[in-house]
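Encoded as structure tokens, the structure appears first; notes follow it.
Atoms within each ligand, like the ligands themselves, are counted from 1 in listed order.
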Amino acid sequence: MENINNLHYDSSDIQVLEGLEAVRKRPGMYIGTTGSKGLHHLVWEIVDNAVDEALAGYCDDIEITIEKNNIITVKDDGRGIPIDIHPKTGVSTVETVYTVLHAGGKFGNGGYKVSGGLHGVGASVVNALSSFLEVTVYKEGKIYFQRFKNGGKPEDILKIIGECDINRTGTTVSFKADPTIFEETIEYDYDILKNRTRELAFLNKGLRFILTDEREDTKKDIFIYEGGISEYVNLLNKNKTPIHKDIIYFEETEEDIKIDISLQYTDTYTENIYSFVNNINTYEGGTHDEGVKRALTRIINNYAKTNGYLKQNDEALIGEDVREGLTMIISVKHPNPQFEGQTKTKLGNTEIRKISDNIFSNGLERYLLENPEEARKIMDKVFSAARARMAAKKARELTRRKGLLDISNQWEKLTDCSSKDPTISEIFIVEGRSAEGPAKQGRDSKTQAVIPIRGKILNVEKSRLDRILGNEEIRNLITAFGTGIGEEFDYTKLRYYKIIIMTDADVDGSHIRTLLLTFLYRYFKPLVEKGHVYAAQPPLFRISHGKTQKYVLNEKERDEYISTLPENTKVEIVRMKGLGEMDAIELRETTMSVNSRTLIRLNVEDAIVADETFQLLMGEEVEPRRQFIEENALKVRNLDV
Ligand code: TSJ
């Protein structure tokens, strides 16, 4: 059967189960996947507790270390987990935290707990999924220690193992992911830990993180940002040209809710708004985004009117205009956030719409009044965006009138399927001349369409819609999808329910997949949100022995297959470079056929990561691009991260 790695899941019924055995039986319910993503998630479940301690005001330093054998150690200088007997469980609070599901947040008191992992499942889940876990607490001049093994079984009770300086306090946790749970890999990726650690440092200004890799060649990064998210905006705009020099920054607390907003306009054409609630990326937006966006449109229009940029009878600027080229970060710290949406990354608290609107509009209004020079540059940008929008509308009408988006003009490009039922129809976007032929021959002509694209598609960030429509490759895709684009986008006209990106398993292939996903995310967001976009997984190795040929997806499958062969079998292993190396039958069997392929469904999170990667790849600076390509040459297959 077809295997779809669906990265969506629902954590709403977690509470029903109890005990660590339940976690081991269905780990996916608690951490999403037992692949690389789930593995890294363990680290954040532990780190989040230390961040909470920092947010409560008792911790300045958090050290994260990847030790030899992929043991993770997290150390903070907070108050130390309470060591007293927990009234509900009769054992120490430490033991309770680690052995009772959802104990997190229920111990201690009055804690302003604003952090917490996306699933908020806590330390006990990490314990349940670890082959061992040790906790050391420094408190009141004593050192307390407890060790758990084989999925959370205490070896002993919490014990005093020594004394320390009365001024030394903190918590240290070490654990090793259980390889029988994380079958795919227990190897941590330094760059993944580094990126998120850096993000946590941006989101919690003044908090110092030290990340160390002690495995092969030692690596170390120290992150501390006194400027918080302003420094984040600065980083995001590193490869862009800002149109005004200041990074605008507001910070305000209202009714226990802290809101930080930072922004800067650049000369690019896309909007880059990232929002967070309690350090969690709210990919799906929510009331905080809505409040800020609403305020932005209103304040810019007001300023434009009062200062003569917008005349009496002119049409008002729309949201799209005032967000073009905008890089903005919104960070909310809320004691009781309600997360909604498909991936639980949408803020639902209704009161936040008004609070964030207030804070942002007051701040921006004052900024524009106090900085007329910068305000003028912003006005130039938003009005140029509005003019371009109107021009794009005309270009789109012209394009349509010329029939450039008509399916009848596309027959040479698109090899369509015979079915007209979108729910069973698929389109393979195939890169590379050599793969086009086998894909056309290997497809199921009833349900599978093939469209080739050649080389690199347009940089969507640096072009507006009118120019994008001038690109033939892109017009072909839009036509094939059937939905139209921009204001005319119509989901009900979608011609294929599966849009499958099929590229080579190499750096170029990964680059092209990144470009395509970015394009889809920018211009066909609903298709990504509704889960219509997939990546095909071509095999990485061909194993030949005698007359037999076997294709496998990864190192693990390769090793497993070889271990099933008799000892002296002479095998030849080839690392596949491109789709074109397979003939039509092989391509069908390994990558295209519904009966035997593995597809990866791509979500908004993947798209945003792709977008960031894309901006790095497309940036003016050569060095980060070179570095990226070098570093990623070996891990292009890691879509699940
Ligand atoms: F949860 C955990 F075990 F995974 C973990 C907790 C891991 C790490 C690295 C740090 C921590 C942690 C917990 N650091 N600091 C704390 N603080 C408390 O648990 C704490 C201490 C004192 C009080 C109090 O009210 O006196 C309350 C709390 C919640």
Side-chain angles (χ1 to χ4, degrees), residues 20 23 30-31 40-67 71-89 91-130 132-148 151-152 154 158 164 166-177 193 196-197 200-201 204 207-212 278-279 335:
L20 299 192
V23 181
Y30 297 85
I31 55 164
H40 290 82
H41 191 86
L42 300 182
V43 180
W44 310 124
E45 282 296 342
I46 297 297
V47 170
D48 283 345
N49 291 282
V51 173
D52 279 346
E53 186 71 358
L55 289 166
Y58 299 100
C59 160
D60 307 306
D61 268 287
I62 299 175
E63 293 178 30
I64 306 166
T65 309
I66 319 171
E67 294 169 8
I71 293 164
I72 294 283
T73 294
V74 181
K75 175 168 178 256
D76 74 23
D77 63 348
R79 292 167 293 179
I81 306 179
I83 40 75
D84 50 336
I85 299 296
H86 193 277
K88 289 230 173 70
T89 60
V91 298
S92 70
T93 297
V94 172
E95 187 168 332
T96 306
V97 167
Y98 281 103
T99 56
V100 179
L101 267 183
H102 276 262
K106 286 179 193 156
F107 62 94
N109 52 8
Y112 184 56
K113 186 182 168 63
V114 297
S115 183
L118 178 52
H119 315 285
V121 287
S124 57
V125 168
V126 178
N127 197 18
L129 302 177
S130 294
F132 81 83
L133 183 146
E134 294 171 354
V135 53
T136 312
V137 176
Y138 300 85
K139 214 177 169 81
E140 291 157 8
K142 297 193 182 66
I143 307 171
Y144 299 83
F145 178 84
Q146 189 168 18
R147 184 180 159 95
F148 306 84
L158 182 72
C164 62
I166 188 80
N167 293 317
R168 168 150 192 208
T169 61
T171 305
T172 303
V173 172
S174 294
F175 67 92
K176 175 161 179 162
L193 295 183
R196 175 61 179 163
T197 301
L200 283 171
N204 300 281
L207 180 57
R208 186 164 73 144
F209 288 88
I210 303 174
L211 177 66
T212 315
N278 297 352
N279 298 328

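- Evaluation of the side chain to side chain donor-acceptor pair (under 3.5 Å) rule for Thr65 yields no partner, not counting sequence neighbours.
- Lys139 contributes a side-chain N or O that, together with a main-chain N or O of Gly80, makes up a donor-acceptor pair within less than 3.5 Å.
- The distance criterion of under 3.5 Å between nitrogen or oxygen atoms is not met by Lys139 with respect to ligand 1.
- Backbone and side-chain nitrogen or oxygen atoms of Lys75 are examined, and none is located within less than 3.5 angstrom of a nitrogen or oxygen of ligand 1.
- Between Ala56 and ligand 1 there is no heavy-atom distance shorter than 4.0 Å.
- Between the side chain of Ser130 and the backbone N or O of Leu133, no donor-acceptor pair lies under 3.5 Å.
- Heavy atoms from other residues, nucleotides or ligands lying under 6.0 Å from OH of Tyr58 number 12 at most.
- Residue contacts with ligand 1, taken as heavy atom pairs separated by less than 4.0 Å, do not involve Tyr58 at all.
- Put simply, part of Ala123 is less than 4.0 Å from ligand 1, judged by heavy atoms.
- Of the heavy atoms in Asp76, only side-chain atoms (C-beta onward) come closer than 4.0 Å to ligand 1.
- With sequence neighbours excluded, the residues forming a side chain to side chain donor-acceptor pair (under 3.5 Å) with Thr73 are Glu67, Ser174, listed by chain and number.
- Looking only at distances, a side-chain donor or acceptor of Thr171 sits under 3.5 Å from a matching main-chain atom of Ile81.
- Taking every heavy atom of Gly80 and a limit of under 4.0 angstrom, the matching atoms of ligand 1 come to 21 (C), 22 (C).
- With ligand atoms numbered from 1 in the order given, ligand 1 contributes 4 (F), 7 (C), 9 (C) to contacts under 4.0 Å with heavy atoms of Ile46.
- Within the 3.5 Å criterion, the main-chain N or O of Cys59 finds no donor-acceptor partner in the side chain of Asp77.
- Annotation for ligand 1: atoms under 4.0 Å from non-hydrogen atoms of Val173 are 7 (C).
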